[in-house]
Amino acid sequence: MANTKKNTNIHCPMIHNGLFLSMASDPKLANISSCCLRPPEKINYEVSNSLWDDPFFIPLIEKNKKNEWDPDCANCKSLEEVGHVSFRQGMLTAWGQEERLSGPKRIDFTFSSSCNIACRICGPTASTYWAKHQKENKIDFPVVQKNKTGQEAIEMLKKFDLSNLISLTFCGGETLLGNDYWEVCEYLATLPHAKESLMISFQTNGTQPIPKKRYDLLDKFHLIKLHVSLDGVEERFNYQRWPADWKQVEENLFNIKENAPGNVMFLIEETLSIFNLAYYGEVAKWRKQYFNTNREGDLVDHTHHIAQGTYHHRGCTQEYVDFLRTTKESNIISADWEEDPVLIKKMIAEIKQYDQFRNQSFKESLPKVAEFYKRYL
């Protein structure tokens with residue numbers, strides 16, 4: 001059964017001093033939220049120097065002051081209910097409780113969907129490789145917004161008071177591809193407090209090295225953190241993060257650990273979906289055995305997110321749920337859960353479709369999970 005203990009203080013540093021910016025087709029516009037885990041509060045909003053004081057932020061801030069969960073904060077709420085450390089809790093540990101400042105303390109920033117892989121839990125709006133894959137297989141997909149240049153991204157950041165900024169996370173796409181993210185880093189390195197207190201983070205799928213010519217630039221910041229997306233190891237990784245190769249990713253991460261500047265740290269981001277709940281714990285085991293610290297001995301953090309969309313655990317079968325209720329992940333399934341045959345049939349049809357296009361096999365790559373769906377396969 002779910003943990004029903006009420007958290008009486010749900011102060012969220014991201015609601016008060018965080019900002020998520022996703023640049024739109026017009027480089028002056030952005031989709032805006034307080035947090036990358038929430039849907040945008042404003043779509044195609046014209047960003048100006050006064051954005052931080054816009055009244056549309058106030059209702060959410062006031063609700064959080066009253067310790068009331070907002071429906072769009074379900075990701076953190078769900079994780080906390082099952083005993084995982086949520087993004088909110090992690091930020092609270094890092095920052096403590098503060099009132100709203102004159103400008104954002106953390107920015108999660110996306111301006112390009114350039115990516116070299118097509119993860120099962122992702123889609124064409126967040127990956128150019130996904131869009132290419134859809135087009136090649138004659139599958140309709142949403143219009144993908146044009147990627148912005150590094151200079152356009154810099155002009156967006158210049159609209160904010162960055163004097164309080166201590167963390168900026170590049171969200172992709174794959175943020176270690178190309179030169180645009182590095183161009184933005186060159187600008188951020190000019191901030192007076194960059195070396196003293198600014199951390200730059202890159203969300204990465206682990207396939208890309210950090211070019212040696214960028215090492216001097218990285219050393220201009222207080223910390224660099226690679227948020228590495230790992231939802232499995234070996235063949236389970238290959239299936240979910242196609243066409244990435246586990247051995248190449250593992251070797252690349254080891255090389256970065258040994259050769260990058262000492263201020264480079266790591267965070268493993270694991271997204272929980274129907275593909276990996278049955279294998280829960282294998283990523284943590286790999287991290288503990290092979291990748292527990294950076295070269296300086298700093299621990300590698302490990303966080304979890306709940307997959308949204310097609311592969312959310314709402315798509316579990318009764319057999320899958322019966323298994324999960326024998327594990328420590330039992331709390332992720334609500335007490336009133338019911339199998340949804342329509343949802344599952346749709347999901348299995350999509351799995352089979354992409355298995356065919358990618359020359360993959362759900363049954364062979366994820367046999368433990370496939371067994372729970374044999375009534376539908």
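Residues Met14 and Arg88 are not in side-chain contact: their nearest non-hydrogen atoms beyond the backbone lie 4.5 Å or more apart. Contact of the Ile32 side chain with the Leu19 side chain is registered, since non-hydrogen atoms from C-beta on lie closer than 4.5 Å. Under the 4.5 Å side-chain criterion, counting only non-hydrogen atoms from C-beta, Leu218 is in contact with Ile224.
Ring centroid separation for the pair Phe323 and His313 does not come in under the 6.0 Å cut-off. Checked against the 6.0 Å centroid criterion, the rings of Trp182 and Tyr215 do not qualify as a close aromatic pair. Taking the centre of each ring, Phe20 and Phe109 stay at or above the 6.0 Å mark. Side-chain rings of His133 and Trp242 approach one another, their centers coming within less than 6.0 Å. Aromatic rings from His11 and His16 are positioned such that their centres are separated by under 6.0 Å.
By the rule that hydrophobic residues join a cluster once side-chain heavy atoms approach within less than 4.5 Å of another member, Met199 and Leu188 end up as members of separate clusters. The cluster map of Ile, Leu, Val, Met, Phe, Trp and Tyr, joined by side-chain heavy atoms under 4.5 Å apart, puts Leu366 and Val283 in different clusters.
At a cut-off of 3.5 Å, with distance as the only test, a side-chain donor of Ser102 or Asp161 sits close to an acceptor on the other residue. Side-chain atoms of Thr204 and Glu174 include a donor-acceptor pair closer than 3.5 Å. Glu80 and Ser86 form a side-chain donor-acceptor contact under 3.5 Å, judged by distance and modelled atom types alone. Looking at Glu339 and Thr317, their side chains never bring a donor and an acceptor atom within 3.5 Å of each other.
Between the Thr93 side chain and the Gln89 main chain, a donor and an acceptor come within less than 3.5 Å of each other.
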inquiry  = For Met156 and Leu21: C-alpha separation, side-chain torsions, deciding distance, then whether side-chain contact (heavy atoms from CB on, under 4.5 Å) applies.
reply    = CA-CA 9 Å; Met156 176 66 74; Leu21 288 174; 4.2 Å; yes
message = Under the criterion salt bridge (Lys or Arg N to Asp or Glu O under 4.0 Å), I'd like the reasoning laid out for Lys195 against Asp219: C-alpha separation, chi angles, the key distance, then a yes or no.
response = CA-CA 8 Å; Lys195 183 61 178 177; Asp219 199 46; 3.6 Å; yes
key: Check against salt bridge (Lys or Arg N to Asp or Glu O under 4.0 Å), Lys158 and Glu155   = CA-CA 5 Å; Lys158 284 181 176 179; Glu155 292 304 315; 3.6 Å; yes
request  = Show your working on side-chain contact (heavy atoms from CB on, under 4.5 Å) between Leu267 and Val228 and close with a plain yes or no.
outcome  = CA-CA 6 Å; Leu267 165 69; Val228 187; over 6 Å; no
ask   = Yes or no on salt bridge (Lys or Arg N to Asp or Glu O under 4.0 Å) for Lys65 and Glu99, after CA distance, side-chain angles and deciding distance?
value = CA-CA 10 Å; Lys65 286 181 178 179; Glu99 295 296 317; 3.7 Å; yes
task = Check the pair Thr175, Gln203 against side chain to side chain donor-acceptor pair (under 3.5 Å), reporting the backbone distance first and the verdict last.
result = CA-CA 6 Å; Thr175 63; Gln203 288 187 349; over 6 Å; no
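Geometrically, Arg100 engages Trp52 in a cation-pi contact defined by less than 6.0 Å to the ring centre and at most 45° from the axis.
A pairwise comparison of heavy atoms in His305 and Asn75 identifies CA-OD1, 4.2 Å as the closest pair. Contact detail for Thr125 and Pro142: the closest heavy-atom pair is CG2-CB, 3.8 Å.
Classified by interplanar angle (parallel below 30°, tilted 30° to 60°, perpendicular above 60°), the ring pair Tyr290/Trp286 is tilted. Ring geometry, Phe275 versus Phe362: the interplanar angle exceeds 60°, so the pair is classed perpendicular (tilted spans 30 to 60°). A parallel orientation is assigned to the rings of His304 and His302, their planes being inclined by less than 30° (bins at 30° and 60°).
Considering Asn147, Asp180, Thr128 in turn, Asn147 is the only one that fulfils the side-chain hydrogen bond (donor to acceptor under 3.5 Å, both in side chains) rule with Ser114. Among Asp231, Thr207, Asn205, the single residue meeting the side-chain hydrogen bond (donor to acceptor under 3.5 Å, both in side chains) criterion with Arg241 is Asp231.
Looking at Asp355 and Lys363, no side-chain N of the basic residue comes within less than 4.0 Å of a carboxylate O on the acidic one, giving no salt bridge.
Residues passing the ring pair (Phe, Tyr, Trp, His ring centres under 6.0 Å) test with Phe170, sequence neighbours excluded: Tyr181, Phe202.
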